[in-house]
Chemist: 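Pasting a structure below so you can have a look.
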Amino acid sequence: MTDLGTWPAAPAAQPAGPPSGSLADLLERVLDKGIVIAGDIKIDLLDIELLTIRLRLFIASVETAKKAGIDWWETDPALSSRAARDALGEENARLRARLEALEESGPDTTEVPR
């Protein structure tokens with residue numbers, strides 16, 4: 001019979017390359033510095049361009065994005081209630097100015113005399 005205890009012990013596996021940090025460390029670093037992923041997809045048929053899709057992805061924390069000059073979420077009415085209120089207020093002001101200009105332009109011709 002073979003004694004299994006006599007086999008040579010396998011050496012401990014050593015990681016190749018520099019030691020890696022935890023996933024949380026990696027995520028913190030990416031959000032702190034930011035990362036850009038860019039790509040283009042182009043579909044041609046017989047040298048005729050049918051479709052081009054450009055993809056730009058910027059992953060960063062809010063603070064890092066603001067440092068980079070990116071703050072579109074603050075002005076998009078679909079994403080910000082403050083932006084929605086501002087957009088509604090601007091539209092209201094434009095309509096009031098237009099109504100005032102129409103009222104000042106002359107007599108109201110929409111009424112039918114009796």
Side-chain angles (χ1 to χ4, degrees):
M1 260 185 146
T2 307
D3 184 11
L4 293 177
T6 60
W7 289 88
Q14 296 294 326
S20 61
S22 69
L23 182 61
D25 292 338
L26 178 65
L27 183 60
E28 180 181 349
R29 194 169 183 189
V30 165
L31 291 177
D32 184 45
K33 300 290 183 183
I35 186 170
V36 175
I37 300 171
D40 294 335
I41 300 171
K42 189 183 241 185
I43 299 175
D44 293 344
L45 180 64
L46 300 174
D47 294 331
I48 299 172
E49 185 176 319
L50 297 177
L51 178 67
T52 299
I53 299 173
R54 294 181 157 227
L55 175 66
R56 305 294 182 259
L57 180 62
F58 179 60
I59 301 172
S61 67
V62 171
E63 295 153 357
T64 305
K66 284 185 177 181
K67 286 179 188 175
I70 301 171
D71 62 354
W72 52 264
W73 61 88
E74 292 180 348
T75 58
D76 188 344
L79 299 174
S80 169
S81 59
R82 182 179 50 134
R85 284 192 306 270
D86 292 347
L88 187 60
E90 289 173 10
E91 181 182 13
N92 193 1
R94 280 195 315 269
L95 289 174
R96 287 180 184 274
R98 187 174 174 191
L99 179 62
E100 187 176 312
L102 287 173
E103 288 175 346
E104 290 176 359
S105 67
D108 188 9
T109 59
T110 58
E111 291 184 23
V112 177
R114 292 183 183 192

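Just so it is clear, the structure is predicted and the values come from calculations on it, not from any experiment.
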Chemist: Among all residues two or more places apart in sequence or in another chain, which pass the side-chain hydrogen bond (donor to acceptor under 3.5 Å, both in side chains) test with Arg94?
Modeler: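 For Arg94 there are no side-chain hydrogen bond (donor to acceptor under 3.5 Å, both in side chains) partners, ignoring immediate neighbours.
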Chemist: Mind running side-chain contact (heavy atoms from CB on, under 4.5 Å) on Leu55 and Ile41 for me, showing each step along the way?
Modeler: CA-CA 8 Å; Leu55 175 66; Ile41 300 171; over 6 Å; no
Chemist: Between Ile37 and Val30, is there shared hydrophobic-cluster membership here, with clusters defined by ILVMFWY side-chain heavy atoms closer than 4.5 Å?
Modeler: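 Ile37 and Val30: one cluster.
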Chemist: Rounded at 0.5 Å granularity, tell me how far CD in Glu28 sits from NZ in Lys33.
Modeler: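 Glu28 CD to Lys33 NZ: 11.0 Å, rounded to 0.5 Å.
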Chemist: Under the salt bridge (charged side-chain N to carboxylate O under 4.0 Å, His left out) definition, can you give me all pairs with a residue in residues 42-62, not counting sequence neighbours?
Modeler: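 Only Asp40-Arg56, Lys42-Glu49 qualify under salt bridge (charged side-chain N to carboxylate O under 4.0 Å, His left out).
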Chemist: Taking a hydrophobic cluster as the set of Ile, Leu, Val, Met, Phe, Trp and Tyr residues connected by side-chain heavy atoms closer than 4.5 Å, whether directly or through intermediates, do Leu27 and Ile35 fall within one such cluster?
Modeler: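 Yes, same cluster.
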Chemist: Where is the tightest heavy-atom contact between Ala65 and Ala60, given as atom of each residue plus distance?
Modeler: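 Reported closest heavy-atom pair: N-CB, 4.4 Å.
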Chemist: Could you tell me whether the side chain of Ser61 and the main chain of Asp32 form a donor-acceptor pair under 3.5 Å?
Modeler: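 Here the side-chain-to-backbone pair does not exist.
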Chemist: Would you name the heavy atoms of Thr64 and Leu31 that are closest together and state the gap between them?
Modeler: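 Closest heavy-atom pair between Thr64 and Leu31: OG1-O, 3.0 Å.
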Chemist: Of all heavy-atom pairs between Phe58 and Ala68, which one has the smallest distance, and what is that distance?
Modeler: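 Reported closest heavy-atom pair: CZ-CB, 4.3 Å.
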